Amino acid sequence: MRLTLMKEDGILTARLSGELDQHSAAQVRRELDRALGDPSVKRIEFDMKEVSFMDSAGIGVILGRYRTVSGRGGSMGIGNAPRNVERILRMSGVYTLATERSMR
Amino acid sequence: MKNELRTSFSSLTQNEALARGVAAQFCMLFDPTVEELSDVRTAVSEAVTNAVIHGYGHRNGVVGLDLVKEDDLLTVTVRDEGRGIEDIELARRPFYTSMPEAERSGMGFAVMEAFMDSVEVESEVGRGTTVTMKKRFGRNG
Ligand SMILES: Nc1ncnc2c1ncn2[C@@H]1O[C@H](COP(=O)(O)OP(=O)(O)OP(=O)(O)O)[C@@H](O)[C@H]1O
Ligand SMILES: [Mg+2]
């Protein structure tokens, strides 16, 4: 799993690439939490375009980061998920927590 | 004609990708759709992760993954000899997890059920857990 992070205007954009499972979740969590250590980050956006596989371990990662940003009054966005990833995201209900960028 | 593949591997999270790969490769025998293949990969990943983190709790152990093809029917069995499940009905409930503090979402069994035709769980506390999942291929043409 490769992670590309960008920070701009209090928005952390995380572009994930590869397979997000229990094994890669630990690394993703660590890198995201390091970036979220900056209290000026008020919104996290997950770009799922390059995620080739994800299971419920990935949902745990997303929900955990959502908790962090919402705890400081922030918001979350999720976009570009391929079909197989989209199905599991929908099942989990995380989309109901996500908002469009303009609503941050 | 019946065709079987029986494997066992160390209970390490790094073997999840391997288990998915083996299952996907076996499924090529069914001439699967992209979606069918992804269903099986995801369900296998959920069951194997559970065996590693819940069954063995990261202790050393052996996870069994058996794949059987009978015509268009796939049977996948994931087996551990770990701690077992006390209340299977509770464990299978969507969003139930015994490890909320570890950022688990409790979706594993729900995902297996959604992506496979049937999921059967047998477990004995202190003895281990066996998850048997079935899927019929070629449903959508
Ligand atoms: N092989 C197993 N051995 C022991 N307990 C298990 C096993 N598989 C599942 N369980 C129990 O069943 C519960 C539900 O499993 P499920 O996969 O649905 O959720 P989870 O693993 O807790 O979270 P998630 O899969 O979303 O990361 C687990 O929390 C665990 O207590
Ligand atoms: Mg699970």
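Side-chain atoms are counted along with the backbone in the values below, which use heavy atoms only and exclude waters and symmetry mates. Protein chains get the first letters and strands the later ones, always in sequence-line order, with residue 1 at the start of each. All values reported here derive from a predicted model rather than from experimental measurement.
The part of Ile53(B) that comes within reach of chain A is its side chain, from C-beta onward, which places non-hydrogen atoms under 4.5 angstrom from that chain. For Thr42(B), the parts lying under 4.5 angstrom from a heavy atom of chain A are both the backbone and the side chain. Only the backbone of Ala102(B) comes within less than 4.5 Å of a heavy atom in chain A; its side chain stays farther off. Arg41(B) touches chain A through backbone and side chain together, each having a heavy atom under 4.5 Å away. Heavy atoms closer than 4.5 Å to chain B are found nowhere in Ala26(A), neither backbone nor side chain.
Of the residues considered (Val34(B), Asp39(B), Val52(B)), Asp39(B) shows the highest number of contacts with chain A, using heavy-atom pairs under 4.5 Å. Interface summary for chain B: among Val61(A), Ile88(A), Leu63(A), the most heavy-atom pairs under 4.5 angstrom belong to Ile88(A). With chain B as the partner, the residue from Glu19(A), Arg87(A), Arg83(A) showing the most heavy-atom pairs under 4.5 Å is Arg87(A).
Of the possible donor and acceptor atoms, one in the side chain of Glu46(B) sits under 3.5 Å from a partner among the backbone N and O of Ser56(A).
Side chains of His54(B) and Thr129(B) form no contact here, defined as non-hydrogen atoms less than 4.5 Å apart. Side-chain contact between Arg92(B) and Val121(B) is present, with at least one heavy-atom pair separated by less than 4.5 Å.
Remark: Lys135(B) is not positioned above the aromatic ring of Phe115(B), lacking an NZ or CZ atom under 6.0 angstrom from the ring centre and at most 45 degrees off the axis.
Using a 4.0 Å cut-off between a side-chain N of Lys or Arg and a carboxylate O of Asp or Glu, Asp66(B) and Arg79(B) qualify as a salt bridge. A salt bridge between Arg43(A) and Glu8(A) is absent, with no side-chain N of the basic residue lying under 4.0 Å from a carboxylate O of the acidic one.
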